[in-house]
Amino acid sequence: MSREADEPHLRMRRNFVFHVHPLRVSEHALNPWLTLGLGILTGVLFFLLCASGALLMIYYIPSTERAYDSMLDIQHAVAFGPFVRALHRWSAHGMVACVGLHLVRVAACAAYRGRTLNWFIGLALLASTLGLAYTGYLLPWDQRAYWAVTVSANLLDHFPWLGAPLKELFLGGERVGQAALIRFYTLHVFVLPVVLLALLGLHLWRIRKDGGLAGRPADDRLLPAWPHLLLREAILVLCALAVAGLFAALVDAPLGGRPDLHHPSNPDKAPWFFLWVQEMVSYSAPVGGVAFPSLAVLLLVVWPFADRGERATGRWLGAPRSRWLLGAVVLSAAAAFASLEWAYLAGEGCAGSHPDLLNPASGMLVLAAVAAAAAGWVDRSRRTALLAALGVTLVAVVGCILVGLCRGPDWIFYWPWEDWPLVG
Amino acid sequence: MAEEHDRQPAEQVGDADGPSRRDFLVGSGRAVLCACALGAAAGSLRLAIPRVQDGPPARFPVGRPGDFQMRTLTWLRERDLFVLRDEGGFGAMSARCTHLGCTVRRTADGFYCPCHGARFGLAGELVSGPAREPLPWYRLSLEPDGKLWVDRREEVSAGTRSLGEIEAGEAGG
Amino acid sequence: MSAERDLPTDARRLRIGLLLAACALLTVMVLAAVRALRPGFVEIQARFAGQVGEAAAGVRQVQSCRGELDRCTTCHLGVEREDLRAAGLPPPFGPHPERLGHHQRAHVEIGCSACHGGVGRALNSDDAHVNAATGERDPLMREPHIQAACARCHLPGEVPGTERLLHGARLYAELGCAVCHPLGREGLGGADYGPDLRTIGRKSLGYLRDSLIDPSANFAGSTMPAFDRSFEDHPEALADLLVYLESLPLEPAPGCRLRERNAGLLAAPCASCHAGTAGNAAGRFRHGCVWIRERRDALRCGRCHPGTVPDPGPDKGFCPRIQQERKACSACHDAAR
């Protein structure tokens with residue numbers, strides 16, 4: 001240990017930090033390409049969200065009559081108001097992205113092997129993050145928020161049995177109104193953050209219990225965590241704070257017009273992390289709204305039980321052979337999605353006879369199954385099969401988000417450089 | 001460096017620089033981080049201080065002259081204000097006790113504050129009790145819209161009447 | 001994985017990196033502070049103080065009868081100051097160009113944004129002079145377009161100063177716009193109707209003009225006839241019709257009873273087809289458009305006038321639909337019940 005560690009105040013600080021990290025860490029933990037720092041980034045963004053959220057709560061009023069006015073005040077009359085609001089908005093989007101990428105990283109590195117409990121804690125953290133992002137989307141109470149939440153809440157109608165009661169539970173009524181706003185507010189500022197914080201504690205504790213970063217090579221040497229790991233993490237944290245702050249200072253968070261409760265904007269779009277569901281529902285409610293998301297969740301749930309292969313290797317995607325295989329799967333899935341989407345958009349009426357079967361979403365579901373079977377058989381590995389299925393699913397999700405972003409009035413596809421027409 | 005190797009020979013820990021340069025690096029890094037933390041705290045405090053305060057404006061209409069009967073005292077509940085009218089004209093007096101801000105009540109010979117027993121005379125002058133100041137009177141004016149406006153920012157001497165020229169029966173405006 | 005790490009060098013690099021990252025963070029925070037702590041109005045008030053020789057007033061706000069806050073007079077400091085009219089102050093400071101007539105104390109009672117649009121709560125020029133619904137710059141309505149704002153509380157023609165709005169409303173009826181674009185409950189757009197125009201006023205003026213002159217400019221598949229020739233000789237009529245279209249957000253206005261009474265009338269087809277000279281629903285239904293006459297069968301006429309209708313004429317009694325819609329008119333017209 002260095003001389004600094006003997007100073008009392010440093011020892012105290014170190015003691016706190018060393019609950020998360022051991023005194024000495026394996027050298028492979030210093031490799032930034034292994035984790036991309038996604039877990040730490042998520043934590044930083046969550047901290048920013050808590051801090052900026054607390055500041056916004058000083059001025060925000062969760063009432064349908066005054067919420068939009070309080071947003072205008074935050075945006076225009078409060079010192080640092082636009083900055084803090086933009087910080088909150090962009091950190092939220094960043095956190096959703098980081099959590100998603102973190103999940104993909106853990107799956108691709110097989111870091112879940114022997115850590116099944118933490119895999120499920122991670123899935124719960126993903127769900128809480130999505131819940132926070134979704135409940136927060138309503139709070140500005142502008143035209144965009146009101147109709148986006150109305151539309152996405154109505155997606156629940158397509159879920160059998162549970163959908164209708166769940167919708168009533170969340171909205172406190174048939175429509176998005178005061179009851180829904182106060183419920184979303186309570187979930188957003190209290191229930192979900194507390195749940196997320198508790199799960200986060202469990203998540204970090206399990207990592208420490210499970211032996212730190214997964215996939216340590218046998219011959220790796222041990223290094224003192226201070227300064228080699230801790231300073232690296234500190235630099236990452238500071239850089240993340242700086243980038244988030246710069247982004248918030250330069251790009252204002254959008255605020256739409258006052259909500260018009262009788263005239264939806266056309267199109268009403270859900271936020272991007274739910275846009276893929278909305279896009280798929282436009283093909284077919286049973287496939288896009290129920291089958292695809294359920295099967296995606298099912299894939300993630302059975303994942304750690306299905307894979308009984310070797311422990312984490314500290315490499316992405318295992319052996320070079322598997323990497324090539326999976327790269328080919330993802331590329332061909334992208335090509336397949338593009339052709340399916342093109343065929344679907346070009347031949348508007350062709351799916352008329354069997355809309356639930358002949359659409360890109362169900363096509364990608366079939367492709368995922370085929371790709372999993374083929375890749376698993378070629379590579380003689382269930383892990384490769386799972387990764388192939390995940391790759392195809394991700395291609396479908398990302399593709400549907402991109403197509404969803406291009407949707408104009410009446411959910412018609414327009415290229416980004418095309419203008420949208422007049423609609424009533 | 002030598003010192004450290006002496007103390008911790010088993011660990012390959014150390015620094016390429018001597019302690020002084022390292023201390024400088026660590027010290028300035030710490031100073032910048034402290035500045036960041038202080039800046040964030042100061043910014044958060046600044047955010048919490050409102051630029052614009054909520055609440056009723058200091059200048060507001062109280063009604064048309066015809067709304068007030070001759071020789072009456074009207075209590076405007078929402079404004080914490082008495083408007084009185086007599087032969088001399090109109091007057092506006094605060095209904096907020098100068099002690100701790102309770103709303104005073106009308107009595108036969110003046111005003112009485114139910115919270116701590118302060119008593120004021122008919123013109124708001126201090127009679128007894130814990131209050132130190134008389135009830136303030138405010139400027140009252142007739143604006144082109146035909147309404148009487150009161151400006152809380154402009155105090156006038158106790159008992160001031162204005163607009164005595166308006167006839168009793170005149171609706172005003 | 002990598003070559004043997006030189007630990008002392010690594011530690012030094014990390015310390016330098018930490019210092020640099022901390023400096024970057026501090027720079028970003030300073031940038032954010034500089035942007036946040038300079039509200040536009042402070043500078044403007046300082047300029048006013050310099051020109052008039054009065055102390056800066058701070059934020060000034062007005063609460064309208066609708067409960068909206070309006071802070072425009074924070075920068076437009078001379079709006080109510082007749083004594084400054086002779087001084088010839090530059091734009092944000094001078095008194096209001098004309099007497100405000102109906103609303104002599106508009107700047108105190110209803111605020112500026114109630115008529116001029118924009119974001120009344122904003123405290124700098126860039127944020128204030130924006131149409132909140134479209135995000136368009138400088139929406140400040142001037143004559144004749146400011147007459148559209150009168151419709152937020154008044155019927156066309158109800159108060160002086162709304163003459164062009166009234167003319168626009170009558171053109172909407174006389175040209176037969178309401179046949180395809182009724183402003184009532186059924187006007188939701190769809191196969192039988194043109195788009196719902198009840199909130200069309202939220203669109204920009206340029207967009208509205210384009211849609212009238214050449215409907216396919218904004219919507220490639222439009223079946224609406226082009227009116228490029230119709231208005232060639234009547235630019236005033238085009239402007240008046242645009243004023244009426246701009247007045248069509250029909251937002252509910254809590255607090256103004258006047259507005260609530262009129263909302264039903266404006267939205268009801270009676271007033272849009274039977275607009276009288278006073279802006280009420282007293283006028284006769286008439287439209288002289290050749291295009292409509294030719295397509296009488298294809299249009300909605302058949303619903304009230306079944307069969308082949310050579311020329312139903314203006315006064316053939318009431319159809320059931322009109323009877324039903326008259327309920328809205330009965331808000332004011334007792335006889336219509």
Side-chain angles (χ1 to χ4, degrees), chain A residues 2 27-28 30-31 34 65-66 69 72-73 75-84 87 142-143 217 220-221 223-224 226-228 230-232 234-250 254-258 260-263 266 314 409 419-424, chain C residues 1-2 5 7 10-11 14-15 17-18 20-22 24-29 31-33 35-37 39 59 67-69 71 119-124 127-128 131-135 181 187-190 193-200 202-203 207 211 215 218-222 249 251 254:
Chain A
S2 71
E27 186 168 11
H28 93 292
L30 306 188
N31 178 8
L34 191 57
E65 277 166 18
R66 301 185 62 189
D69 284 335
L72 281 179
D73 268 357
Q75 192 64 26
H76 298 305
V78 174
F80 290 108
F83 175 72
V84 171
L87 194 63
D142 58 357
Q143 173 81 348
D220 210 23
R221 66 172 167 163
L223 296 179
W226 176 269
H228 301 287
L230 295 184
L231 273 186
R232 275 186 168 77
I235 291 171
L236 179 65
V237 167
L238 292 178
C239 289
L241 289 175
V243 169
L246 189 67
F247 205 76
L250 296 182
L255 181 65
R258 205 174 280 277
D260 184 340
L261 308 193
H262 304 290
H263 296 90
N266 187 357
D419 287 333
W420 290 357
L422 166 73
V423 282
Chain C
M1 183 164 279
S2 60
R5 205 182 290 268
L7 291 185
D10 188 54
L14 286 175
R15 290 205 168 89
L18 186 75
L20 289 179
L25 180 59
L26 191 63
T27 315
V28 167
M29 288 176 63
L31 174 75
R35 285 175 61 92
L37 290 178
V59 175
E68 290 170 353
L69 283 179
R71 300 179 180 134
V119 180
R121 286 181 178 246
L123 284 174
N124 68 59
D127 291 337
N131 180 338
T134 63
H181 303 283
L188 290 170
Y193 290 111
D196 178 13
L197 297 191
R198 281 181 297 172
T199 57
I200 200 67
R202 295 177 173 206
K203 298 277 182 190
Y207 190 99
S211 300
N218 292 320
F219 184 30
S222 174
E251 287 159 353

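Chain letters run A, B, ... following the sequence lines, proteins first, then strands; residues in each count from 1. The figures that follow rest on heavy atoms only: side chains count, while hydrogens, waters and symmetry mates do not.
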Report summary line: Heavy-atom nearest pair, A:H76 first then C:R121, reads CB-O, 3.9 Å
**Report entry** Part of C:L31 within contact of chain A (heavy atom distance under 4.5 Å)
**Finding:** side chain
Query - Minimum side-chain heavy-atom gap C:V119-A:L72 below 4.5 Å - result: yes
Query raised in the report: Taking all non-hydrogen atoms of both residues, which atom of A:F80 and which atom of C:A36 are closest, and how far apart?
Result: CD2-CB, 3.4 Å
Query - Contacting moiety of A:F83, where chain C heavy atoms sit under 4.5 Å - result: side chain
**Report entry** Close side-chain approach of A:D73 to C:R71, heavy-atom, < 4.5 Å
**Finding:** yes
Query - Minimum-distance pair of heavy atoms, taken over all atoms of A:L238 and C:A22 - result: CD1-N, 3.8 Å
Report summary line: Taken in chain and number order and not counting sequence neighbours, the residues that satisfy side-chain hydrogen bond (donor to acceptor under 3.5 Å, both in side chains) with C:N124 are C:D127
Requested in this report: Could you tell me whether the side chain of A:R232 reaches within less than 4.5 Å of the side chain of C:D10, counting heavy atoms only?
Outcome: yes
Report summary line: Those residues at least two apart in sequence (or on a different chain) that pass side chain to side chain contact (heavy atoms under 4.5 Å, CB included) with A:L231 are A:W226, A:P227, C:L14, C:R15, C:L18
